Amino acid sequence: QGQLEESGGALVQPGASLRLSCAGSGYTLDYYAIGWFRQAPGKEREGVSCIASGDSGTFYADDVMGRFTISRSNDKRTVYLQMHNLKPEDTGVYYCAASLFPPDDRSWFGERLYAYWGQGTQVTVSS
């Protein structure tokens with residue numbers, strides 16, 4: 001347990017959509033809160049979205065609210081980040097992370113909540 005793998009990153013034009021996936025290696029993710037983070041060149045890693053265990057809540061950064069949607073697959077093995085209307089400022093390496101602690105409005109975007117991290121997938125939004 002603990003290994004996560006992201007996929008789905010790509011080079012796209014502004015306004016395009018992408019769906020990122022986060023899968024656990026040989027285990028389901030239903031008991032974990034899963035967060036998505038991104039790191040743009042020269043910037044610190046920041047929280048993008050989070051889904052609580054059992055799908056009991058979702059959280060979004062202000063600048064992605066209404067454009068991104070986080071969800072789990074029916075078999076609970078994958079967490080998706082559906083991204084619409086992508087902007088150049090969405091460019092970065094996207095990481096997923098897992099936590100056994102319940103997130104709330106003050107904690108979900110903090111890296112310390114999460115014990116397990118993937119290696120990241122690159123999203124580039126450019127014309």
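Count residues from 1 along the sequence. We use all heavy atoms of the structure for the numbers below, so side chains are in, but hydrogens, waters and symmetry mates are not. Because the structure is predicted, anything quoted here is derived from the model rather than measured.
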Tell me whether Leu11 shares a hydrophobic cluster with Leu18, the cluster being built from Ile, Leu, Val, Met, Phe, Trp, Tyr side chains joined at under 4.5 Å.
no
For a quick test of reading the model, state the closest non-hydrogen atom pair linking [X] to [Y] and the distance between them.
{"X": "Arg67", "Y": "Asp90", "answer": "NH1-OD2, 2.8 Å"}
{"X": "Cys22", "Y": "Ile34", "answer": "SG-CG2, 4.3 Å"}
{"X": "Val12", "Y": "Ala16", "answer": "CB-CB, 3.8 Å"}
{"X": "Ser21", "Y": "Thr78", "answer": "CB-CG2, 3.9 Å"}
{"X": "Pro102", "Y": "Leu113", "answer": "O-CD1, 4.4 Å"}
{"X": "Gly54", "Y": "Arg72", "answer": "N-NH2, 4.2 Å"}

Just to verify, what does Arg19 make a side chain to side chain contact (heavy atoms under 4.5 Å, CB included) with, not counting sequence neighbours?
Tyr80, Gln82
Residues at least two apart in sequence or cross-chain that pass side chain to side chain contact (heavy atoms under 4.5 Å, CB included) with Arg45, listed by chain then number, are Phe37, Gln39, Tyr95, Glu111, Trp117
Test your reading of the model: is there a side-chain donor-acceptor pair from Ser127 to the backbone of Gln13, 3.5 Å cut-off?
no
Measuring from atom [atom1] of [X] to atom [atom2] of [Y], what distance do you get when rounded to the nearest 0.5 angstrom?
{"X": "Trp108", "Y": "Ser99", "atom1": "CH2", "atom2": "OG", "value": "13.5 Å"}
{"X": "Ile70", "Y": "Tyr60", "atom1": "CD1", "atom2": "OH", "value": "6.5 Å"}
{"X": "Phe68", "Y": "Leu86", "atom1": "CZ", "atom2": "CG", "value": "5.0 Å"}
{"X": "Gln119", "Y": "Cys96", "atom1": "CD", "atom2": "SG", "value": "10.0 Å"}
{"X": "Met65", "Y": "Phe59", "atom1": "CE", "atom2": "CZ", "value": "10.5 Å"}

Option from Leu4, Asp55, Leu29, Leu20 for which side-chain contact (heavy atoms from CB on, under 4.5 Å) with Val79 holds:
Leu29
Looking at Asp63 and Lys87, is any side-chain nitrogen of the basic one under 4.0 Å from a carboxylate oxygen of the acidic one?
no
Around Glu89, counting heavy atoms of other residues, nucleotides and ligands shown, do more than 12 lie under 6.0 Å from its CD?
yes
So does Asp75 have more than 12 non-hydrogen atoms from other groups sitting under 6.0 Å from CG?
yes
Of Gln122, Glu6, Arg38, which is the lone residue that meets side-chain hydrogen bond (donor to acceptor under 3.5 Å, both in side chains) with Tyr94?
Arg38
My understanding is that only residues two or more places apart in sequence, or in another chain, count here; which of them pass disulfide bond (SG atoms under 2.5 Å apart) with Cys50?
none
Would you check, one step at a time, whether the test side-chain contact (heavy atoms from CB on, under 4.5 Å) holds for Ser53 with Tyr32?
CA-CA 5 Å; Ser53 63; Tyr32 295 88; 5.9 Å; no
Distance-only polar pair, side chains of Ser7 and Glu5, donor-acceptor under 3.5 Å
no
